[in-house]
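Below, chains carry the letters A, B, ... as their sequence lines are ordered, and counting in each starts from 1.
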2 protein chains.
Amino acid sequence: MEDVARRAGVSTATVSRTLRGLPNVSADTRGRVLAAAAELSYVVSPIASRLASRRTHTVGVVVPHAARWYFSKVVAGAEEVLREAGLDLLLYSLGDLSARTRFFDQLPLRRRVDAVLTVAMPLTEPEYEAVHTLGVPVVATGLRATGTHCVRIDDTGVMLTAVEHLAGLGHRRIGMISTYADQSMWLPVAHERRAGYLAGLAVTGLPVEPDLVVSVPFGVSGGERAMRRLMERPDPPSAVVAESDELAFGAVAAARRMGLAVPGDVSVVGIDDHDLSDVMDLTTVRQEVVEQGVQAGRMIVRAVQHPGEEPRELVLPTSLVVRGSTAPVAGSSP
Amino acid sequence: MEDVARRAGVSTATVSRTLRGLPNVSADTRGRVLAAAAELSYVVSPIASRLASRRTHTVGVVVPHAARWYFSKVVAGAEEVLREAGLDLLLYSLGDLSARTRFFDQLPLRRRVDAVLTVAMPLTEPEYEAVHTLGVPVVATGLRATGTHCVRIDDTGVMLTAVEHLAGLGHRRIGMISTYADQSMWLPVAHERRAGYLAGLAVTGLPVEPDLVVSVPFGVSGGERAMRRLMERPDPPSAVVAESDELAFGAVAAARRMGLAVPGDVSVVGIDDHDLSDVMDLTTVRQEVVEQGVQAGRMIVRAVQHPGEEPRELVLPTSLVVRGSTAPVAGSSP
DNA sequence: CCGTGCTTTGCAAGCGCTTACATACAGAGG
DNA sequence: CCTCTGTATGTAAGCGCTTGCAAAGCACGG
């Protein structure tokens, strides 16, 4: 920077101001500085500038599992807008429980970030407090959050939509594939979607049969297991809603492997509109995952610029996508 | 840090040495310092330490498309080992061509990283030079690289395996779904896999029919389009290999939508063993994608610690996974 | 011609660490 | 008892920026 200053015939302070686009630099000076910087192909050292300005220009993004479809989409969406805003993104993938406890114990984000983005991470009370000792704004995606900004979808609503769709096709006995807490992650979402399922039954006047809800670990193989459990019953349901498309994929596969036709013998609907849902011909309720990341990124940027604003909540719309995995119930009037 | 020093009755230099685990600190002092740090719940400021030590402790990871299956897996694998080694990971998702040119023009990694990891990014000569002006070690995954470390699979070998499998089932006319350069990404991989396909034909004594190779953009819908093109021919092939599982998914879906049974009318094999390949019942050649990330991460760590070592190349094994999308050719002896 | 209020620029003190170098001290060897 | 090594610690000079404050320059009205 000193070289640039010398070449432009100004002080380093002026170079600094110019390069950061501060207003109180004359056009003439600005030109000389920019020229000098270009000639020397100089870029400021972000590290030095962070130390001096006491801002990290970094946001911590913590996800349960970076490689999963949902999370990688959200992260990709957020990455784009954060980079645009000049913020670095520090990814923490918590993976298993031990990584999670270590993370919240040691809080490696201390002194490293200006904001935190949690992606579908329900925080326990102590975890919540731990994060807040960082003293930086927090934005949550993927679930309802209190006390922080958040962007999410209507998790009960999506399930309600799914059930209504099936009921509209004449299905009277609808099973649900739910998940149980894998390390207490996702818990609230599972809960809300289950509530949506129940609400759907209520709205359409169907009876609740608790045995028709089976809970499995998240993932394709969980979906398979759940489907098998449902369809091996003496009185299997004629339709099944799954908490997510990946579970639904497993369900469809399991049904076919059991010799059942989808949707002939059983209809299946998922939630997400996963990249492969079209290929699987899966009826689903679409959510815009990348968009959630983008919006979360915008919230982060706002929060970094104006800390201490009222927590804002953004609920993104969803929509039913009807494909070939659902059909009128067998035996209904043609 | 000063507070810790005072509390432990030593100088900040000693605190620094202790906290970084340098050897020349007496056990007694070490204990006092650690205790003081713990009591004050002090952690060093990574930023200050980076400025003073002139090392960023950060590695730049550049990928074409962060949200895609392959890339998010590699990144997740690398993230784990880099974090373990105390290195931050700075993700650059290049997305489209304009982002890419901007990236290599401005080189935002300047003064930011101690190493670079490129994931399945064939670099043009100028791009290669640009990256090398950073003066840091570079590791490439997903393709053969010269002049830098790299971890990859045998891209011609996987395709050879796929073709041999089909030939072994009696297929004599095997189509291939290839990709064409979307922004010159992936180019070399596509090339090598096509070479593997041709090698497979040669080895099994099958004739080359250039029309049986169709190139489409990467993705499920590309696979669909390609399959339609192949199967609408007057003389469609009895089997198809796809450059990747995602293309194969599209191919299978397209076949079914055309009323063709898989594998009854046409066998399909992919490359990857994607998370959903099992559910799609797709025969494929498995590669360990997360493991590639892990190994690349290890290489990065080594390279950061011992810069200037000979470029190393690591070729990971692959294996054929036979599922239900391939069967003996119709009309062959039962 | 001088005081005022702007805008533009420079000065210099940090930001919170690391590290070369100097120092102190303890035991070993003569 | 004294020098010689080697280890343990302290001193202080940076690392490369930002920024509060002061100074300088300028136009303007009185």
Quick check on [N]: is either OP1 or OP2 less than 4.0 Å from any side-chain nitrogen or oxygen of [X]?
X	N	value
B:T29	D:dT9	yes
A:T14	C:dG10	yes
A:S11	C:dG10	yes
A:R20	D:dT19	yes
B:R50	D:dC15	no
B:S26	D:dT9	yes
A:R54	C:dG14	no

Closest contact, heavy atoms only, [X] versus [Y]:
X	Y	result
B:M299	B:C150	CE-O, 3.5 Å
B:V113	B:V59	CG1-C, 3.9 Å
B:P64	B:S93	O-OG, 4.1 Å

What is the separation between atom [atom1] on [X] and atom [atom2] on [N], rounded to the nearest whole Å?
X	N	atom1	atom2	result
A:R6	C:dG10	CZ	P	14 Å
A:D114	C:dC15	CG	C1'	15 Å
B:E2	D:dT11	CD	P	12 Å
B:L22	C:dC17	CG	P	15 Å
A:Y42	D:dC17	OH	P	3 Å
A:M1	D:dC15	CE	P	15 Å
A:I47	C:dT18	CD1	P	13 Å

Please determine if [X] and [Y] form a salt bridge, counting it only when a charged side-chain N lies under 4.0 Å from a carboxylate O.
X	Y	answer
A:R112	B:D88	yes
A:R312	A:E309	yes
B:R100	B:D96	no

Practice task
For A:R55, report the nucleic acid contact type (base, sugar-phosphate, nothing); a contact means any heavy atom under 4.0 Å.
Solution key: nothing

Practice task
Look at all strands and tell whether B:R30 reaches a base, only sugar-phosphate, or nothing, counting heavy atoms closer than 4.0 Å.
Solution key: nothing

Among the candidates [options], find the nucleotide nearest to the side-chain atoms of [X].
X	options	result
B:A13	D:dT18, D:dG16, D:dG10	D:dG10
B:T12	C:dG16, D:dT18, C:dT18	C:dT18
B:L51	C:dC17, D:dC15, D:dC17	D:dC15
A:V10	D:dC15, D:dC17, C:dG10	C:dG10
A:N24	D:dC17, D:dT11, C:dT8	C:dT8

Handout entry: B:S53 or A:V25, whichever maps to the more 5' nucleotide of DNA chain C
Key = A:V25

Problem - Donor-acceptor pair present, A:R17 side chain and C:dG10 base, under 3.5 Å - result: yes

Exercise for the section: Classify the side-chain pair A:S26/A:R30 by whether it contains a donor and acceptor separated by less than 3.5 Å. Expected result: no

Exercise for the section: Using only heavy-atom distances, determine whether the side chains of A:E288 and A:Q292 contain a donor-acceptor pair under 3.5 Å. Expected result: no

Handout entry: Relative orientation of the end axes in the helix from C:dC1-D:dG30 to C:dG30-D:dC1, expressed as an angle to the nearest 10° (five pairs per end)
Key = 50°

Fill in the blank from the handout: When B:P23 and A:V43 are each assigned the nearest nucleotide of DNA chain D, the 5'-most assignment goes to B:P23

